[in-house]
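For reference, the structure discussed in these notes is given below.
Fair warning: this is a prediction, and the values are worked out from it, not measured in the lab. In the text below, chain A, chain B and the rest are named by the order of the sequence lines, each starting its count at 1.
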Amino acid sequence: MSHHEPLIRDSLSGKVLMNTEVKAERCYQCGKCSAGCPVVDQMDIPPSQLLRLLQTEIPSNDEKILRSHTIWLCLNCEMCIGRCPMEVDIPPMMDFLRSESIRRKMVNPKAGNIIAFHRSFLESIRYTGRLFELGLVLSYKSKTFHLFQDAGLAPEMIAKGKLGFIPERIKKVADMKRIFSRTLKKGVQS
Amino acid sequence: MKIGFYPGCSVDGGSREYKESCRALAKAYGIELESVPDWNCCGASAAHNLNRELALALPARILSLAEKAGMTDLLVPCAACYNRLMLTQHELMKDETLRKNISEVTGLEFKGTCSILNVVHWIQKWILPELPEKIKKPFDYKVACYYGCLLVRPHKVLKFDRPEDPQSLDEVMKLIGATPVDWAFKTECCGAGLSVSKTDVVADLSGKIVRDAVYRQADALIVACPMCHSNLDMRRREINGYLKQNVSLPVIYVTQAIGLALGIDRKELGLHRHFVPVNLPEKAEATK
């Protein structure tokens, strides 16, 4: 086995490889991902450091990653993979780490708003097939109690014809039901 | 001439001026944009943040429906939708087992025959050839072309001209008479999916973009993505708060800028829907 393979199949690094084909072991810590990351200053663990933690294959480090704020802040802007000399594809790895963090119930408490937003978004399309922007915002507000956030935007959006009041529904909503029930497993649903 | 069209939720909703300007431009060329029948949401950041299979299945349904309708060229003006559709097509075409699994989920066959076009590629293929003779009023302004992330990355899949200092949008703008400025934030992220859940981060990221465009003396920011537009335009109050000054720099879709050069009515291009008023310097108004 080359040093580009995780040593322990059960380690987080092993799971990342199995699920996303991303080899964290390839990272040699040049730090370009962290240098280019637009939200690195908000992160608790910079992306290059997260890769280093993965490489150790130590359970407590794996847990540190899954409990981090970093995995939820990542915008998937793909700047890191654009610049990585070793082509370590961080964005799909982050997607996997997020779902793993939910599965193992290790979600960082600061990520509440972000997850609430994603869930409100998916709920909206699950029942109608298309995103209903007003519904999304209202559902998000009810989940987070940020009742007055962005309330000031609404009147101007209405005046400019940017805010619809009636959700658009696709004809075959049954297709959405089928797709959602066959993909979303326990733990991802709200 | 008919070509396939996937508007996506935000171009169909809050960013409708983008759709209006795409349609206005198509009309001026006698192109009919035919929407994918019964299209659904692509899942955007929400789906791939939470579930990979869902993030593949939602775009796969759209592409299958477009294939079934016989669409070969499919215009996807939203950079975020474009990114999801391209990545899905790429993933499904390189892995037969995955393709079968996802077809099983959607209940629809997927062949991967659609040529998915972002707005810049659509303009290059369908609009540029006859552009010079159609120009009525050159768009004679200094512009900062903002590409953002999802149009250009990941380069391996999207193959946009070049990842760090892309040029195609600048080239299009030059053709309608604009002068693109050289600036540093062409492909920096605006904050996209965190617009509602982390507005402070968005004000910071988008604020830096607006500040550099102003510093380079651009008359307008040119965009090709509804997420970028809403962050740079609708979130201007938060951006101004971050910059501690009021910036009046307008944010214009590339399709609106071309539309203005073709002499299309401002209202037809949806320019009245912007939060930051599109007041360009006097010179061009004078040639009206």
_Distance, nearest 0.5 Å, that separates CG of B:Leu65 from CE of B:Met71_ = 9.5 Å
_Just to be sure I understand the criterion: a residue of residues 166-179 of chain A counts if one of its heavy atoms is under 4.5 Å from a heavy atom of chain B. Which ones qualify?_
A:Glu168, A:Ile170, A:Lys171, A:Lys172, A:Asp175, A:Met176, A:Arg178, A:Ile179
_chain B interface, residue from A:Met94, A:His118, A:Glu87 that has the most non-hydrogen pairs under 4.5 Å_ = A:His118
*asked:* I'd like to verify something: which residue of A:Asn113, A:Thr20, A:Ile114, A:Thr128 has the highest number of heavy-atom pairs under 4.5 Å with chain B?
replied: A:Ile114
_chain A contact via B:His48 - which portion, at a heavy-atom distance below 4.5 Å_ = both
*For B:Arg273, is it the side chain, the backbone, both, or neither that has a heavy atom closer than 4.5 Å to a heavy atom of chain A?*
both
*Measure across B:Tyr147 and B:Ser168 and return the closest heavy-atom pair with its distance rounded to 0.1 Å.*
OH-N, 3.6 Å
*Side chain, backbone, both or neither of A:Leu131 within contact of chain B (heavy atoms, under 4.5 Å)*: both
_Flag for B:Glu109-B:Ser103: side-chain donor and acceptor within less than 3.5 Å_ = no
_When you measure from the side chain of B:Asp212 to the backbone of B:Ala184, do you find a donor-acceptor pair of N or O atoms at a distance under 3.5 Å?_
yes
*Would B:Glu104 and B:Lys100 pass as an ion pair if we require N to O under 4.0 Å?*
no
*What distance separates B:Phe160 CZ from B:Tyr82 OH, expressed to the nearest 0.5 Å?*
7.5 Å
*Assess the side chains of B:Glu238 and B:Asn240: does a donor N or O sit below 3.5 Å from an acceptor N or O?*
no
*Could you pull out the closest heavy-atom pair between B:Ile239 and B:Ser206, with the gap in Å?*
CD1-CB, 3.6 Å
_I'd like to know whether the aromatic ring centres of B:Tyr253 and B:His229 sit less than 6.0 Å apart in this structure._
yes
*asked:* Tell me whether the count of non-hydrogen atoms from other residues, nucleotides or ligands lying under 6.0 Å of CZ in B:Arg211 goes above 12.
replied: yes
*asked:* Strictly by side-chain hydrogen bond (donor to acceptor under 3.5 Å, both in side chains), give each pair with a member in residues 155-164 of chain A just once, sequence neighbours left out.
replied: A:Lys162-B:Glu17
*Positions in residues 48-77 of chain A that reach chain B, provided some heavy atom is under 4.5 Å away*: A:His69, A:Trp72, A:Leu73, A:Leu75, A:Asn76, A:Cys77
*With a 4.5 Å cut-off on heavy-atom pairs, point out which of B:Asn40, B:Asn83, B:Val105, B:Asp12 contacts chain A the most.*
B:Val105
*Segment of B:Thr199 engaging chain A (4.5 angstrom heavy-atom cut-off)*: side chain
*Is a side-chain donor or acceptor of B:Asn51 paired with a backbone partner of A:Thr183 at a separation under 3.5 angstrom?*
yes
*Relative to chain A, which of B:Cys189, B:Gly8, B:Pro163, B:Gly14 shows the most heavy atom pairs under 4.5 Å?*
B:Gly14
*Answer yes or no: is there an ion pair linking B:Arg61 with B:Asp38, defined by an N-O contact shorter than 4.0 Å?*
yes
*Shortest non-hydrogen contact from A:Pro47 toward A:Ile90*: CB-CD1, 4.2 Å
_Ion pair A:Lys143/A:Glu123, N-O distance below 4.0 Å_ = yes
*asked:* Taking B:Arg162 first and then B:Asp165, would you say they form a salt bridge - that is, a charged N and a carboxylate O separated by under 4.0 Å?
replied: yes
*Tell me, out of A:Arg130, A:Arg83, A:Met79, who's got the most heavy-atom pairs with chain B below 4.5 Å.*
A:Arg130
*Just checking heavy atoms, which of residues 28-46 of chain A are less than 4.5 Å from chain B?*
A:Pro38, A:Val39, A:Asp41, A:Gln42
*Report the residue from B:Ile62, B:Leu58, B:Leu63 that forms a side-chain contact (heavy atoms from CB on, under 4.5 Å) with B:Cys42.*
B:Ile62
_Heavy-atom contact with chain A under 4.5 Å, split by part of B:Leu54_ = both
*Would you sort out whether A:Glu25 and A:Ser13 count as a side chain to side chain donor-acceptor pair (under 3.5 Å), showing the intermediate values?*
CA-CA 8 Å; A:Glu25 279 60 26; A:Ser13 164; 2.9 Å; yes
